[in-house]
Protein chains: 4
Amino acid sequence: MPEERPRRRQARGERRMAEILDAAAGVFAEAGFERATTNAIAAAAGISPGSLYQFFPNKPALAQALADRFVTEMDTAHRTAFEGADFAALPLDELLDRVVDPILAFNVDNPGFKALFARPDMPRDLAAAAQPIQGALLGRIERLLAARAPGTPEPERARNARVLVQVFQGLVPLVVAAPEEERPALTVEVKRVLGGYLRTIEGR
Amino acid sequence: MPEERPRRRQARGERRMAEILDAAAGVFAEAGFERATTNAIAAAAGISPGSLYQFFPNKPALAQALADRFVTEMDTAHRTAFEGADFAALPLDELLDRVVDPILAFNVDNPGFKALFARPDMPRDLAAAAQPIQGALLGRIERLLAARAPGTPEPERARNARVLVQVFQGLVPLVVAAPEEERPALTVEVKRVLGGYLRTIEGR
Amino acid sequence: MPEERPRRRQARGERRMAEILDAAAGVFAEAGFERATTNAIAAAAGISPGSLYQFFPNKPALAQALADRFVTEMDTAHRTAFEGADFAALPLDELLDRVVDPILAFNVDNPGFKALFARPDMPRDLAAAAQPIQGALLGRIERLLAARAPGTPEPERARNARVLVQVFQGLVPLVVAAPEEERPALTVEVKRVLGGYLRTIEGR
Amino acid sequence: MPEERPRRRQARGERRMAEILDAAAGVFAEAGFERATTNAIAAAAGISPGSLYQFFPNKPALAQALADRFVTEMDTAHRTAFEGADFAALPLDELLDRVVDPILAFNVDNPGFKALFARPDMPRDLAAAAQPIQGALLGRIERLLAARAPGTPEPERARNARVLVQVFQGLVPLVVAAPEEERPALTVEVKRVLGGYLRTIEGR
DNA sequence: CATGAATGAGGGTTCATTCAT
DNA sequence: GATGAATGAACCCTCATTCAT
C-alpha cells in the first residue's frame with residue numbers, strides 16, 4: 001500500500017512532535033524558558049539533541065509551537081464553554097456553571113498552560129501568541145454582557161469584561177494548585193466572586 | 001574620631017547597595033532574572049562588575065535582597081492600610097476605600113514590585129521571600145473577616161481570605177498597567193469585585 | 001546466468017559511484033571540503049545519506065576518491081600532451097602549442113579539478129593524491145629539458161622544471177576563469193611566459 | 001598622570017589584539033578557516049576563549065581583521081617596492097631586483113599571508129579584503145608597463161599586467177616553501193621568468 | 001575598596017555517521 | 001541494498017564570577 005507509507009511516516013512525525021511538545025511543556029513549566037535547556041527537553045522526550053532539531057529549528061520555535069498548541073486547545077475549551085445556550089436568558093448561577101466549569105476543568109487538566117504563559121521570561125512575541133484567544137475571550141464576554149446588561153455604555157462594558165477576565169485568570173492558579181479535594185469548594189468561590197461582580201453590573 | 005569612620009563607611013555602603021538594588025530592579029523588571037546580566041546591572045548602577053560582588057555574593061543573592069526590600073516596603077504599605085480603624089464597624093464601602101487605595105497606590109508607585117514577582121523564572125526559593133508578607137496579609141484579612149462575618153466556620157474563612165487576596169493581586173497588574181486616567185475607574189471596579197464578594201460572605 | 005548478476009550489479013555500483021563523485025565534485029567545488037555536508041552530496045546525487053556510506057566509508061574517503069579520479073583523468077591528459085613527437089627537435093613555438101593547448105583544454109573542461117585542489121582546506125593527505133601526477137609531470141618536463149638543454153647541470157634542471165610547472169599551474173586559473181572569448185589571447189600569453197623562460201634556459 | 005591610563009590600557013589592548021591575530025594567523029594557516037576552532041586560537045594566544053571575544057565579536061570578524069592586517073602590510077611592502085625610482089629608465093635586471101626582492105622578502109617573512117588567502121574556504125567576502133591591494137598592484141604594474149612599453153594598446157597592457165601578477169603570485173609559494181638555502185637560486189629563476197616575459201613585451 | 005580584563009563552564013546548534021526498518 | 005530518522009561529539013559563543021592592579 002504505497003498510500004500508507006507517507007501517512008504512517010507523517011503520523012509518526014506528528015506523534016514525535018507531540019511527544020517533544022509534551023516534554024517541552026514540562027521542562028519549560030519547571031525551569032522557565034531561559035533555564036530550560038534543549039538538551040534537557042530532548043532527554044525528557046527520550047530523544048537525542050540532534051533529533052529535536054529535526055522537528056523544531058530552534059528553541060524559540062519550540063516554545064512558539066508549544067504556545068500555539070496551548071492556544072488552540074484553550075480556544076477550543078472556550079468555544080465549548082460559550083456555545084449552545086441562550087446566555088441572555090439563563091439564570092446567573094446556571095450561566096456561571098456553564099462557563100466556569102469547563103474552562104476551569106481545562107486548566108486543571110493542562111497545568112502547563114498557565115505555568116508557561118505566566119512566565120514572562122519568554123520572548124515577548126511568543127507570549128503574544130496568547131493574545132488572540134485573550135482577545136476572543138474578551139469579545140465573548142463583551143457580547144455576553146451586552147446581552148445581559150444592555151444598558152451599560154460601551155467603554156464601561158469593555159472595562160467590565162477586562163475585569164472579569166482578569167479576575168478569573170487570577171483565580172485559576174489557585175484552583176489548579178489546590179489539592180484535588182479542595183477544588184470543588186474553590187470553584188464555588190470563583191463563581192461567587194464572578195457572580196457578585198456580575199450582579200452589580202446587571203443590577204445597574 | 002574612630003567611631004565616625006565605620007559609621008560613615010557603612011552609610012556609604014548602604015547607599016551603594018540601595019543604588020545597586022535600584023539598578024537591579026530596573027534591569028530585572030526589563031529583562032527577567034535570567035536574561036538580566038550582572039554586568040548590565042553593574043553598568044546601570046554606574047559601578048564595575050567587580051564592585052557589585054563586593055556587596056552581593058552572587059546574582060540570586062542580589063535578587064533576594066531586592067525581594068527582601070520590596071517585601072519590607074510592601075509590608076509597611078499593608079500595615080498602614082490595616083491600621084488605626086475599627087474594621088468591624090466600618091461600612092463596607094468605607095472599608096474598601098481604606099484598604100484598597102493605599103495598597104493600590106503603593107503598587108502603582110512601585111511598578112517593579114509586581115514586575116519582579118510576576119516573573120516566576122526567578123529561583124523558586126527567591127519568590128518564597130514574598131511569602132511572609134503574603135502570610136501576614138492573609139492573617140490580616142482573616143482577622144478582618146472574623147470581625148465582620150463571625151459566623152463563618154474556620155476552614156471556609158481561610159478560603160475566603162485566600163480568594164480575596166488572590167483576586168486583588170490578580171487585579172493589581174490591570175491597574176498598574178493602565179494609563180493614568182483609567183486608573184480611578186478601574187479602582188472603582190476593583191472595589192466592586194471585592195465588595196460583591198464580601199457582601200456574599202457577610203450576608204450569609 | 002549466475003555470472004551476469006554480479007557483473008551487472010557491479011556495473012550499477014560503478015555508475016552509482018560515478019554519480020556520487022559527480023555530485024561531490026559540484027558540492028565540494030561550491031562549498032569547500034568542510035562546508036560541504038555529506039547530506040548535501042547525497043541529496044545532489046539523488047540518494048539517501050545512508051546509501052552514500054555504502055559506497056564511501058566517510059567524507060575524506062569520498063574526497064580522496066574524487067581526487068583519485070581527477071588525478072587519473074589529468075594524467076591521461078598529460079600523457080596525451082606529451083606523447084608522439086620528438087620534443088627535442090621541435091621548434092619551441094610548436095612544442096608549446098602541442099603541450100600547452102591540450103592541458104589547458106582539459107582544465108577548461110574540468111573546472112572542478114582546480115577548484116577542488118585549490119582548496120587547501122582539504123585534509124593534507126588528500127591533496128597529496130595529486131602528487132603522483134605532479135611527479136610524473138615534473139619527470140616529463142625534466143626529460144624534455146634534458147633533451148633540449150643537455151648542458152644544464154642536474155640540480156638546476158630540476159629547479160627549472162619545478163618553476164615551469166608552477167608558472168603554468170599558476171596561470172591555469174586565469175585562463176579557466178576568463179570568459180570564453182578572452183581565452184585565446186590569454187593562451188598566447190601563457191605560451192609567451194613559458195617560451196620566454198624556456199628560451200633563457202635553452203640559450204645558455 | 002591621568003593621561004597615561006587610557007593610553008597604556010589601549011596600548012595593552014592593541015598588543016593583545018596583535019597577539020591574538022598572530023595566533024589566529026598560525027591556526028588558520030595550519031587548519032583552514034573552518035577547522036580552526038576559536039578555542040584553539042585562544043589557546044595559541046595564551047588566553048581564554050572568553051577573552052578572545054572581548055576583542056573580536058566572532059570568528060569571521062577575527063579572520064577579517066587578520067585579512068585587513070595582512071592587506072595593510074602587503075600594501076606597505078608593495079608601496080616600498082614601487083617607490084623612488086624612475087622605472088621607465090631602469091635596466092630590466094635592475095628593475096626586477098628592485099621590485100621582486102622586497103615583495104618576495106615580505107612573503108618569506110609573512111608565510112601566513114599566502115597560506116591564509118590561498119584558502120578559499122574563508123567566507124567569500126573575507127577573501128575580498130585582498131582585492132584592494134590586488135587592484136593597487138595591478139595599477140602599479142600597468143603604469144610600469146605604460147612607461148616601458150608605451151606602444152602596447154590598452155586592453156593588451158591590462159592583460160600583460162594580470163599575467164605578470166598571476167605568474168609572480170604563482171611562484172611565491174615555491175620560494176616561501178623552499179628551504180632557506182634554495183631561495184636565492186629560486187629568486188633568480190623568478191626574475192628570469194618575469195624578465196623573459198617582460199622582454200617579449202618591451203621588444204614588440 | 002574599585003576596577004575591568006580574564007576565566008571557563010555550559011548552552012544552542014550542526015552534521016558525520018549509524019542502524020532499525 | 002536502500003532509506004532517513006536518530007545519534008552525540010564538538011563547535012561557537014555568553015556571562016557569572018574572580019583577581020591582579
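The structure presented is a predicted model; accordingly, all values stated were derived computationally and were not measured. In what follows, chains carry the letters A, B, and so on, assigned in the order in which the sequence lines appear, proteins first and then strands, with residues in each chain numbered from 1.
In this model, the phosphate group of E:dT14 is not approached by any side-chain N or O of C:Arg35 to a distance below 4.0 Å at OP1 or OP2. The phosphate of E:dC1 (OP1 or OP2) has no side-chain N or O of B:Arg16 nearer than 4.0 angstrom.
Residue C:Thr38 places its side chain closer to E:dA16 than to any other of E:dA16, F:dC13, E:dT13. When each of E:dT13, F:dC12, F:dA16 is scored by its nearest atom to the side-chain atoms of D:Thr37, the top-ranked nucleotide is F:dC12.
The interatomic distance linking A:Glu34 (CD) with F:dA16 (C1') rounds to 15 Å, in whole Å. Between the CD atom of A:Glu19 and the C1' atom of F:dA5 there is a distance of 14 Å, rounded to whole Å. In this entry the distance linking CD1 of B:Ile41 with P of F:dC15 reads 12 Å, nearest Å. Atoms CD1 (B:Ile20) and C1' (E:dC1) sit 12 Å apart, rounded to a whole Å. Atom-to-atom, CG of A:Asn58 to P of E:dT14 comes out at 8 Å; the value is rounded to the nearest Å. Taking atom CG on D:Leu62 and atom P on F:dC11, their separation rounds to 16 Å, with Å as the unit. Remark: P of E:dT18 and CG of C:Asn39 are 13 Å apart, rounded to the nearest angstrom. Atom NZ of B:Lys59 and atom C1' of F:dC15 are 8 Å apart (whole Å).
Here CG of D:Leu52 is found 5.0 Å from CD1 of D:Ile20. Values are rounded to the nearest 0.5 Å. The CZ atom of D:Phe55 sits 10.5 Å away from atom CG of D:Leu21, with the distance rounded to the nearest 0.5 Å. One finds the CD atom of B:Gln134 at 8.5 Å from the CE atom of B:Met74 (value rounded to the nearest 0.5 Å).
Contacts between residues 47-56 of chain D and DNA chain F, defined by a heavy-atom separation under 4.0 Å, are made by D:Gly50, D:Tyr53.
The pair A:Arg15-A:Asp22 does not count as a salt bridge, with every side-chain nitrogen at least 4.0 angstrom from each carboxylate oxygen.
Of the residues listed (D:Thr38, D:Leu62, D:Ile41, D:Thr37), the one engaging D:Val27 in a side-chain contact (heavy atoms from CB on, under 4.5 Å) is D:Ile41, and it is the only one.
Residues D:Phe28 and D:Ala36 approach most closely at CD2-CB, 3.5 Å, considering heavy atoms. Taking every heavy atom of both residues into account, B:Phe33 and B:Lys59 meet most closely at O-NZ, 2.8 Å. Minimum heavy-atom separation, A:Ala24 to A:Leu66: C-CD2, 3.9 Å.
Stretches of at least 3 consecutive Watson-Crick or G-U wobble pairs, with each checked distance under 3.5 Å, appear in DNA chain E as E:2-21 with F:2-21.
With sequence neighbours excluded, no residue forms a salt bridge (Lys or Arg N to Asp or Glu O under 4.0 Å) with C:Glu19.
One C1' atom belongs to E:dC1, the other to F:dT21, and the distance between them is 13 Å to the nearest Å.
Residue B:Ala36 is classed as a sugar-phosphate contact, given heavy-atom separations below 4.0 Å to backbone atoms only. Using a 4.0 Å heavy-atom cutoff across all strands shown, B:Ala42 reaches no nucleic acid atom at all.
Under the 4.5 Å side-chain criterion, counting only non-hydrogen atoms from C-beta, A:Arg16 is in contact with A:Ile47.
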